[in-house]
Amino acid sequence: MKLMFVGPPGAGKGTQATRVAQKYDIPHISSGDMLRAQMRKGSELGIAAKKYIDEGHLVPDDVIVAMIGKRIKEADAQKGFLLDGFPRTAAQAEALDKITKLDMVINVFVPDNKLVHRMTGRRVCDSCSATYHVSMLSDLKTCPKCGGNLYLRDDDAEEIVIERLKVYKESTQPLIQYYTDKGILRDVVGSGGIDTITQTILSVLEGQG
Ligand code: AP5
């Protein structure tokens with residue numbers, strides 16, 4: 001199964017993608033996680049990407065298409081994959097169409113007023129990339145899953161979050177129509193309990209939602 005999650009920053013794409021990919025035993029391919037891993041390594045790609053990410057802007061299409069194009073050719077992605085955060089522009093969607101064909105796109109919809117709260121309270125593990133909200137954590141510094149260090153993403157500062165939401169509306173939201181026109185987009189409300197949302201997504205994927 002070849003899947004993609006689209007939705008505004010903070011909609012819960014990463015949270016849900018981790019669970020759904022595990023259920024179907026397919027790799028969860030997150031462009032944001034891949035870029036942050038490169039930033040932590042201090043690679044040429046990571047250094048170049050950081051200046052865009054820290055300002056809440058998109059990394060250039062050619063860089064992202066090359067990175068994801070290579071990733072989905074790896075052996076573990078041949079049985080399917082779940083893309084999270086890619087494609088994010090019309091040019092990226094068109095480039096993906098030339099490489100492969102998606103089976104379904106899940107549009108995770110959450111009203112704007114919840115998104116800022118979610119992102120400014122997010123903590124991410126620097127070791128396993130697990131994501132939490134401070135309201136779920138008793139210890140704000142240590143990952144409950146692997147013991148790694150939790151950190152606040154630089155791009156989760158409120159002013160950057162507001163810029164990211166603007167960029168989403170301008171560059172990524174038009175993809176909802178693009179995939180609706182292809183007949184493969186399904187909407188899922190991303191507010192409410194995390195388990196309930198997972199169940200809704202699984203029902204949609206199994207044709208019962
Ligand atoms: P990326 O990492 O992809 O960020 P994003 O799309 O902005 O999405 P987020 O990771 O912010 O949110 P999410 O929807 O995954 O939510 P999460 O599950 O974490 O990209 C970062 C940057 O990299 C971009 O700005 C860009 O610069 C660059 N980039 C990446 N891909 C690119 C591309 N294709 N092209 C160009 N540039 C690219 O949840 C958020 C919070 O809410 C967490 O705290 C979580 O615990 C909480 N939460 C989740 N679900 C719920 C719920 N149901 N109720 C309450 N809280 C919840």
Side-chain angles (χ1 to χ4, degrees), residues 4-21 28-39 45-46 48-69 71-72 82-93 95-96 106-111 113-125 129-137 140 143-145 150-158 160-173 175 188-201:
M4 196 270 266
F5 283 4
V6 67
K13 303 180 297 295
T15 302
Q16 295 299 333
T18 306
R19 293 162 157 239
V20 172
H28 167 203
I29 301 179
S30 158
S31 48
D33 284 351
M34 290 173 77
L35 292 168
R36 283 185 288 278
Q38 293 296 325
M39 280 159 54
L45 168 59
K50 185 171 166 47
K51 69 176 195 297
Y52 297 99
I53 293 176
D54 285 355
E55 288 176 359
H57 296 146
L58 296 180
V59 174
D61 288 333
D62 55 340
V63 175
I64 296 288
V65 169
M67 180 180 83
I68 299 290
R71 178 64 186 89
I72 62 181
L82 197 170
L83 294 175
D84 162 15
F86 174 91
R88 234 179 172 96
T89 63
Q92 292 179 18
L96 180 66
I106 301 287
N107 173 32
V108 185
F109 171 79
V110 175
N113 60 6
K114 296 202 174 181
L115 297 171
V116 176
H117 168 78
R118 284 192 184 188
M119 282 183 277
T120 53
R122 172 167 45 195
R123 294 296 180 275
V124 182
C125 175
S129 298
T131 297
Y132 307 93
H133 191 268
V134 287
S135 58
M136 306 167 177
L137 295 164
L140 298 184
C143 176
K145 276 192 196 141
L150 297 179
Y151 69 98
L152 173 67
R153 283 168 42 175
D154 289 342
D155 63 343
D156 279 344
E158 189 165 344
I160 307 297
V161 164
I162 289 163
E163 180 63 19
R164 286 164 61 202
L165 288 169
K166 187 168 148 245
V167 169
Y168 172 76
K169 285 185 182 148
E170 286 166 4
S171 303
T172 309
Q173 202 159 263
L175 294 185
V188 168
V189 175
S191 341
I194 290 174
D195 289 343
T196 307
I197 298 165
T198 309
Q199 283 313 318
T200 305
I201 294 173

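For ligands, and for the atoms within them, numbers begin at 1 and follow the listed sequence.
Atoms of ligand 1 found under 4.0 Å from any heavy atom of Arg36, numbered from 1 in the order shown, are 2 (O), 21 (C). Close contacts of ligand 1 with Ile197, meaning ligand atoms under 4.0 Å from a residue heavy atom, involve 53 (N). Taking a cut-off of under 4.0 Å to the non-hydrogen atoms of Gly14, the atoms of ligand 1 that pass are 13 (P), 15 (O), 18 (O). Close contacts of ligand 1 with Thr131, meaning ligand atoms under 4.0 Å from a residue heavy atom, involve 19 (O), 43 (C). Listed by atom number, the atoms of ligand 1 under 4.0 Å from Gly85 heavy atoms are 31 (N), 32 (C), 33 (C), 34 (N). Each of the atoms 53 (N) of ligand 1 lies under 4.0 Å from some heavy atom of Gly190. Using a 4.0 Å cut-off to heavy atoms of Gly192, the atoms of ligand 1 that qualify are 52 (C), 53 (N), 54 (N).
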Task: Derivation of the side chain to side chain contact (heavy atoms under 4.5 Å, CB included) call for Asp54 and Ile160 - done: CA-CA 7 Å; Asp54 285 355; Ile160 307 297; over 6 Å; no
TODO: Applying side chain to side chain contact (heavy atoms under 4.5 Å, CB included), run through Val167 and Leu58 and close with a yes or a no.
DONE: CA-CA 8 Å; Val167 169; Leu58 296 180; 3.6 Å; yes
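For atom 18 (O) of ligand 1, the closest non-hydrogen atom on the protein side is Thr15 OG1, 2.5 Å. Nearest protein heavy-atom neighbour of atom 47 (C) of ligand 1: Arg118 CD, 4.2 Å. Shortest contact from atom 35 (N) of ligand 1 to any protein heavy atom: Gln92 NE2, 2.9 Å. When only non-hydrogen protein atoms are considered, atom 31 (N) of ligand 1 lies nearest to Ser31 OG, 2.7 Å. Of all protein heavy atoms, the one closest to atom 37 (N) of ligand 1 is Val59 N, 3.0 Å. Regarding atom 44 (O) of ligand 1, its nearest protein heavy-atom neighbour is Tyr132 O, 3.0 Å. Closest to atom 26 (C) of ligand 1 among all protein heavy atoms lies His57 O, 3.6 Å. The nearest protein atom to atom 28 (C) of ligand 1, hydrogens excluded, is given as Leu35 CD1, 3.6 Å; this is a heavy-atom distance.
A pairwise comparison of heavy atoms in Ala21 and Leu82 identifies N-CD1, 4.0 Å as the closest pair. A pairwise comparison of heavy atoms in Pro87 and Leu96 identifies CD-CD2, 3.9 Å as the closest pair. Counting all heavy atoms, side chain and backbone alike, Arg123 lies closest to Thr120 at NH1-O, 3.7 Å.
Only the side chain of Met136 comes within 4.0 Å of ligand 1, judged by heavy-atom distances. Looking at Ile68 against ligand 1, nothing comes within 4.0 Å, counting heavy atoms. With a 4.0 Å cut-off on non-hydrogen atoms, Asp155 touches ligand 1 through its side chain and not its backbone.
Within the set Met119, Arg122, Lys50, the minimum heavy-atom distance to atom 9 (P) of ligand 1 is found for Arg122. When the heavy-atom distances from atom 1 (P) of ligand 1 to Lys13, Arg88, Arg164 are ranked, the shortest goes to Arg88. Here atom 23 (O) of ligand 1 lies nearest to Ile53 when heavy atoms of Leu137, Ile53, Leu115, Val6 are compared. Among Met39, Arg153, Glu163, the residue whose heavy atom lies closest to atom 4 (O) of ligand 1 is Arg153.
Between Ile64 and ligand 1, a contact under 3.5 Å exists for no N or O pair. On a distance-only criterion, Phe86 and ligand 1 share no N/O pair closer than 3.5 Å.
Distance NE2/His28 to CZ/Arg19: 12.5 Å, rounded to 0.5 Å. Between Met67 atom CE and Leu35 atom CG the span is 4.0 Å, to the nearest 0.5 Å. Summarising the geometry, atom CE belonging to Met136 is positioned 11.0 Å from atom CZ belonging to Arg122; distances are rounded to the nearest 0.5 Å.
In this structure, the side chains of Asp156 and Arg164 come closer than 4.5 Å at one or more pairs of heavy atoms.
Between the side chain of Arg71 and the backbone N or O of Ile29, no donor-acceptor pair lies under 3.5 Å. Listed for the Gln173 side chain is no donor-acceptor partner under 3.5 Å among the backbone atoms of Tyr168. Under a 3.5 Å cut-off, the side chain of Gln92 and the backbone N or O of Arg88 do form a donor-acceptor pair. With hydrogens and angles ignored, the 3.5 Å screen pairs no side-chain donor or acceptor of Lys13 with any backbone N or O of Val108. Remark: the backbone N or O of Met119 is not paired with any side-chain donor or acceptor of Glu158 at under 3.5 angstrom. With hydrogens and angles disregarded, no donor-acceptor distance shorter than 3.5 Å links the side chain of Arg118 to the backbone of His133.
Ligand 1 lies less than 4.0 angstrom from a heavy atom belonging to Ala11. Not close to ligand 1: Gly56, with no non-hydrogen atom less than 4.0 angstrom away.
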